[in-house]
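Have a look at the structure below before the remarks.
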Amino acid sequence: MSRHGRKHETPLGRLLLDNRSITEVQLDGALKLQADRGGRLGEVLQDMGYTDARCIRRALVTQRQIAQVQLQETPPQPEAVGLLPAEVATKYRMLPLAVDNGRLRLAMADPFDRQALDVVRLLTRKAIDPVFAEEKDLIEAIDRAYGSNVARMIANLDDGDTQASIDAPADITAHLTELAREPTVVNLVDLIIHEAIQARASDIHVEPFEKELKVKYRIDGLLHEMSPPPKHLQSAITSRLKIIAGMNIAERFVPQDGHIDFDTPRGKIDLRVATVPTVYGESIVLRILDRTAALFGLDALGLPERQLDQYKHLLQSPHGIILVTGPTGSGKTTTLYASLNHIFSPALKIITIEDPVEYRLEGVNQIPVNPKRGLGFADGLRAILRQDPDVVMVGEIRDRETADISIRSALTGHMVFSTLHTNDAVGAIARLIDMGVEPFLIASSLRAVLAQRLVRSICPSCKQEARLDESVLRRMGHRANGTTFYEGAGCRDCRQTGYRGRMGIFELLYVDDAVRDAIGRRASSSQISAAADEGHVPMAEDGYRKAAAGLTTISEVLRVTQEG
């Protein structure tokens, strides 16, 4: 191939030069290599590392004069969206826009993907007019189109479709399997999961009641009720979820656990599925584990600068125990993973024991707890210590045995991380003593306790100044001093809540000589707090400072710290 390309088409190399994707020297080198080995110029340029597939694709779109579409200005027709299942649109990054004279206008991130075009022709039985859309815009448009499609699909379902009486058939397993494979049910379940991911939900709750089946998404820590599916689809939806989670659909009267891998444009999403029997059927919770969203660096957690520096210094300790405390759902696991990622080195042997293993950490040996086979935290920890580890993470200290082994491990040259369920940092010490751990052992091994909560962040799209009653500030130990506080007015981006996303508020109790002495002499919690260094910041105070900085609201801080 020469630089002249096809007739009436600007050569690909010239287009890449014009948009500054490559240089003249790089183009000359690629053309020489192409002359020697053959192949497409775009592939040669990629193999040489001069550009990437996205730049090549954009240049080809221009060269072939393929129409480009701005999806923000071109909403898809509902009837067009309905022609293509959500999972197909997501997999191939494409969105049906309109049907005109039997031809389907299809927005694609890669309009040269022949396999994708063949799939759409087969599913829709229509001629295709592909148009190009930027991948980022396309992903967001797919989320909007298929997310809103859940409510529309539910509204259009006929009560006579997919009737599911679980008492009628003799072979209940075969019947439920047949129901779960119906296209209506398959698409509805996929759309429910897809919409939850698009809404940034952390959990999906499917709850059966006498006359309805409720679906709720937990977004930023609070549950939001969604459009309920028809009650008559309960058995089919439950069976579909259990099948794709690898559960036994014939067993409906004992709790089960399962796992789903769900493909999205942003990558693979893990869903941890748990069922429990209720009087009206099985209640199901799907925990959404987004690997890319969860594995933060320490700098992204929200620790104040002084505490962050202090915590990073603590992580370099050769031995000792660091505890992270807070209630369920306060981000403890995320903090522990961020800590392990921070200290990771091929020279360190790092082993964890967790219940369950939520995210995979590259280079870290992770062990899932399995009580049914006799592998609990205490037994697993004993086995870990025989593996010559440098760093050990115990998912949670639940009893005296695990606490004793963890602390003695810290005293014998290991760095140990774990969690406790306590209200504040000092409460972790009282909890260990209540478990029967000797105070002198705690004083000798404990390096620090990090207590945390998650507060909702103010939505940046509807952020406005807030009027705050001075009595609220007084409850937090402050007075009105001219500080401007903010709140969210509520908008489409935040589902009218005024909040979007979450951040941590923290309290770091550094165990220095004064605190160590107070622990050793069985001092009260208030005396241990008083012994903390002058830079010690209580959790509520950290929350107040973040509210004063316009990051969250005082009401959020009060809600999670139970101050009011």
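Note that these values count all heavy atoms, side chains included, but never hydrogens, waters or copies made by symmetry.
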> Which heavy atom of R502 sits nearest a heavy atom of G221, and at what distance?
Replying inline: NH1-CA, 3.4 Å
> Which residues pass the salt bridge (Lys or Arg N to Asp or Glu O under 4.0 Å) test with K349, sequence neighbours left out?
Replying inline: none
> Above 12 or not: heavy atoms from other molecules or residues under 6.0 Å from CD of E79?
Replying inline: yes
> Can you tell if the side chain of D110 reaches within under 4.5 Å of the side chain of Y92, non-hydrogen atoms only?
Replying inline: no
>> Please give me the minimum heavy-atom distance between V560 and V455, naming the atom from each residue.
In response: CG2-CG1, 3.4 Å
>> Measuring from atom CG of L286 to atom CD1 of I244, what distance do you get when rounded to the nearest 0.5 angstrom?
In response: 7.5 Å
> Who pairs with E354 by salt bridge (Lys or Arg N to Asp or Glu O under 4.0 Å), at least two apart in sequence or on another chain?
Replying inline: none
> Under 3.5 Å, is there a donor-acceptor pair between the side chain of D113 and the main chain of A116?
Replying inline: yes
>> Do T352 and I367 make a side-chain contact, defined as non-hydrogen atoms from C-beta onward lying under 4.5 Å apart?
In response: no
> If you take all heavy atoms of L95 and A145, which pair is closest and at what distance?
Replying inline: CD1-CB, 3.9 Å
> Quick one: are L551 and I458 in side-chain contact, heavy atoms under 4.5 Å?
Replying inline: no
>> Which residues pass the salt bridge (Lys or Arg N to Asp or Glu O under 4.0 Å) test with R272, not counting sequence neighbours?
In response: E358
> What are the two closest non-hydrogen atoms of P96 and L104, and how far apart are they?
Replying inline: CB-CD1, 3.9 Å
> Does S317 use its side chain to pair, donor to acceptor, with the backbone of H319 at less than 3.5 Å?
Replying inline: no
> If we only count heavy atoms from C-beta on, is the L289 to I269 side-chain gap below 4.5 Å?
Replying inline: no
>> Tell me if a side-chain donor or acceptor on S330 pairs with a main-chain N or O of L454 at a distance below 3.5 Å.
In response: no
>> Applying side chain to side chain donor-acceptor pair (under 3.5 Å), can you list everything that pairs with K546, at least two apart in sequence or on another chain?
In response: D542
> Between L223 and E225, is a side-chain contact (heavy atoms from CB on, under 4.5 Å) present by the stated rule, with each step listed?
Replying inline: CA-CA 7 Å; L223 285 173; E225 197 164 324; over 6 Å; no
> Does a sphere of radius 6.0 Å around NE2 in H313 hold more than 12 heavy atoms from other residues, nucleotides or ligands, not counting ones at 6.0 Å or beyond?
Replying inline: no
> Without hydrogens or angle criteria, can the side chains of Y499 and T553 be said to hold a donor-acceptor pair below 3.5 Å?
Replying inline: yes
>> If you compare all heavy atoms of I288 against all heavy atoms of Y359, which two are closest, and at what distance to 0.1 Å?
In response: O-OH, 4.5 Å
> Does Q26 use its side chain to pair, donor to acceptor, with the backbone of T23 at less than 3.5 Å?
Replying inline: yes
>> I need the Y311 OH to Y510 OH distance, nearest 0.5 Å.
In response: 14.0 Å
> Testing D100, L97, I128 for side chain to side chain contact (heavy atoms under 4.5 Å, CB included) with R105, which one passes?
Replying inline: L97
>> With a 4.5 Å cut-off on side-chain heavy atoms, are L138 and L71 touching?
In response: yes
>> Using the side-chain contact (heavy atoms from CB on, under 4.5 Å) criterion, which residues pair with D257? Sequence neighbours excluded.
In response: A274
>> Could you go through D220 and R456, starting from their C-alpha distance and side-chain angles, then the distance that decides it, and tell me whether this counts as salt bridge (charged side-chain N to carboxylate O under 4.0 Å, His left out)?
In response: CA-CA 6 Å; D220 296 334; R456 292 179 292 173; over 6 Å; no
>> If you define the side chain from C-beta out and look only at heavy atoms, does anything of L323 sit under 4.5 Å from L450?
In response: no
> What residues, two or more places apart in sequence or in another chain, satisfy side-chain contact (heavy atoms from CB on, under 4.5 Å) together with K32?
Replying inline: none
> Are the side chain of K332 and the backbone of S418 linked by a donor-acceptor contact shorter than 3.5 Å?
Replying inline: no
> What pair of heavy atoms forms the shortest contact from G326 to R453, and how long is it?
Replying inline: CA-NH1, 3.8 Å
>> Pairing donors with acceptors under 3.5 angstrom, does anything connect the side chains of Q452 and T335?
In response: yes
>> Are T333 and M393 packed together at the side-chain level, in the sense that at least one heavy-atom pair is separated by less than 4.5 angstrom?
In response: no
>> Looking at K463 and Y486, would you say the former's side chain and the latter's main chain have a donor-acceptor pair under 3.5 Å?
In response: no
> Do the side-chain N and O atoms of Y217 and S202 include a donor-acceptor pair separated by under 3.5 angstrom?
Replying inline: no
>> Just so I know, are the side chains of I505 and E556 near enough to count as touching, which here means a heavy-atom distance under 4.5 Å?
In response: no
> Between D129 and R103, is there a side-chain N and carboxylate O pair less than 4.0 Å apart?
Replying inline: yes
>> Any carboxylate oxygen within less than 4.0 angstrom of a Lys/Arg side-chain nitrogen, looking at D118 and R121?
In response: yes
> Is the side chain of Q387 donor-acceptor paired with the backbone N or O of I351 at a distance under 3.5 Å, no angle test?
Replying inline: no
> Which distance, rounded to the nearest 0.5 Å, do you find between the CG of N187 and the CZ of R240?
Replying inline: 9.0 Å
> Does T497 use its side chain to pair, donor to acceptor, with the backbone of C494 at less than 3.5 Å?
Replying inline: yes
